[in-house]
Amino acid sequence: QVQLVESGGGSVQAGGSLRLSCAASGITFSDYYCMAWFRQGPGKEREGVALISREGMTTYADSVKGRFTISKDNGKNTLYLQMDSLKPEDTAMYYCAARGGQLCYFSAFSKGMLYWGEGTLVNVSS
C-alpha cells in the first residue's frame, strides 16, 4: 500500500520559514520519475508549487521562485520543501504527490499513475 505523509506545516508570521516533509512508503523514490508539491488556498484551485525529477531537475511556480526550495533524499524516501520569506498568500493546504512514468511537469499530475498525500496546512499571518 502506497502512503505519502506530509508534515511540517503550521502557523508562521510573514517573512518566516517552514520546512515541509513528505515521507513515502510503498514506493521507491528512485523508481518514480517525478515528485511534486501542490497547494490549495482558501477559495482557490489547486496549483503546482515545485517539482523534482528523478535526475534532480527542479521546476518552480513563478510565485515561489527564489523563496522555496524542493529537494529529496532517495535513501530516506522523503521529499522536502523549504519555504522562506513566506507571504500571507502562501497560506494553503500543501500536498505531496508522486507520478510514475516519464512526464514531469505540473499538468501531468492530472493523469497517469499518481499518488497523493493528505496534506499539511500552512498559515501565514501578516
Side-chain angles (χ1 to χ4, degrees):
Q1 182 179 358
V2 177
Q3 278 194 316
L4 301 178
V5 180
E6 302 94 335
S7 62
S11 295
V12 64
Q13 288 192 327
S17 298
L18 286 172
R19 189 194 195 202
L20 306 184
S21 298
C22 171
S25 59
I27 60 172
T28 301
F29 269 26
S30 57
D31 293 340
Y32 272 73
Y33 191 80
C34 197
M35 302 292 299
W37 288 97
F38 284 75
R39 69 185 181 186
Q40 187 166 14
K44 299 180 180 179
E45 293 188 354
R46 187 177 64 190
E47 63 175 351
V49 176
L51 54 80
I52 185 167
S53 73
R54 186 169 55 197
E55 291 78 11
M57 293 181 63
T58 58
T59 301
Y60 296 93
D62 288 342
S63 59
V64 306
K65 280 181 182 176
R67 300 188 298 121
F68 290 11
T69 303
I70 188 171
S71 62
K72 62 178 179 173
D73 185 328
N74 285 344
K76 295 182 178 179
N77 248 20
T78 302
L79 180 72
Y80 303 99
L81 184 68
Q82 177 67 41
M83 305 187 295
D84 299 317
S85 302
L86 282 161
K87 303 176 181 180
E89 51 263 44
D90 294 319
T91 294
M93 185 73 81
Y94 283 73
Y95 300 92
C96 169
R99 190 185 190 285
Q102 297 298 308
L103 303 180
C104 194
Y105 43 86
F106 291 128
S107 60
F109 279 80
S110 62
K111 57 185 177 181
M113 186 185 299
L114 300 172
Y115 298 103
W116 293 87
E118 295 289 317
T120 186
L121 184 62
V122 172
N123 184 58
V124 184
S125 58
S126 57

Fill in: Connected via hydrophobic side-chain network under 4.5 Å: Val122 and Tyr80
no
Worksheet item: For Ser107 and Ser110, which heavy atoms make the closest approach, and how far apart are they?
Response: O-OG, 2.9 Å
Practice prompt. Identify the heavy atoms of Leu81 and Ala50 that sit nearest to each other, and give their distance.
Written response: CD1-CB, 4.2 Å
Worksheet item: Pairs in or reaching into residues 94-126: which pass disulfide (SG to SG under 2.5 Å), with residues at least two apart or in two chains?
Response: Cys22-Cys96, Cys34-Cys104
Worksheet item: What heavy-atom pair brings Ser71 and Leu79 nearest, and what distance separates the two atoms?
Response: O-CD1, 3.3 Å
Discussion item. Could you work out, with side chain to side chain donor-acceptor pair (under 3.5 Å) as the rule, every residue matching Glu47, not counting sequence neighbours?
Written reply: Arg39
Worksheet item: Taking all non-hydrogen atoms of both residues, which atom of Ser125 and which atom of Pro88 are closest, and how far apart?
Response: C-CG, 4.5 Å
Worksheet, complete the sentence: Heavy-atom closest pair (Arg67 atom, Ser85 atom, distance to 0.1 Å) is NH1-O, 2.9 Å
Practice prompt. Check for a donor-acceptor pair, side chain of Thr91 on one end and backbone N or O of Asn123 on the other, with a separation under 3.5 Å.
Written response: no
Worksheet item: Can Asp90 and Lys87 be counted as an ion pair, charged N to O under 4.0 angstrom?
Response: no
Worksheet item: Which pairs with one or both residues in residues 5-24 pass side chain to side chain donor-acceptor pair (under 3.5 Å), sequence neighbours excluded?
Response: Ser17-Asp84
Practice prompt. Could you tell me whether the side chain of Tyr60 reaches within less than 4.5 Å of the side chain of Thr69, counting heavy atoms only?
Written response: yes
Practice prompt. Please identify each residue that fulfils salt bridge (Lys or Arg N to Asp or Glu O under 4.0 Å) with Lys111, with sequence neighbours left out.
Written response: none
Worksheet item: Would Trp37 and Val12 show up in the same hydrophobic cluster when neighbours are defined by side-chain heavy atoms closer than 4.5 Å?
Response: yes
Discussion item. Between Lys72 and Gly56 (side chain of the first, backbone of the second, donor and acceptor by atom type, cut-off under 3.5 Å), is there such a pair?
Written reply: no
Worksheet item: Does Glu89 CD have over 12 foreign heavy atoms under 6.0 Å away?
Response: yes
Fill in: Test ring pair (Phe, Tyr, Trp, His ring centres under 6.0 Å) applied to Tyr95 - qualifying residues, sequence neighbours left out
none
Item to complete: Would you kindly confirm whether Leu51 and Leu4 end up in one hydrophobic cluster when ILVMFWY residues are joined by side chain heavy atoms under 4.5 Å apart?
Response: no
Worksheet item: Roughly how far, to the nearest 0.5 Å, is OH of Tyr94 from CE of Met83?
Response: 5.5 Å
Discussion item. Determine whether a donor-acceptor pair (N or O, by modelled atom type, separation under 3.5 Å) exists between the side chain of Asn77 and the backbone of Ile27.
Written reply: yes
Worksheet item: Where does the angle between the aromatic ring planes of Phe38 and Phe106 fall among parallel (under 30°), tilted (30 to 60°) and perpendicular (over 60°)?
Response: perpendicular
Practice prompt. With sequence neighbours excluded, tell me which residues meet side-chain contact (heavy atoms from CB on, under 4.5 Å) with Leu121.
Written response: Met93
Discussion item. Looking at every heavy atom in both Val64 and Val49, which two are closest together, and how far apart are they?
Written reply: CG2-O, 3.5 Å
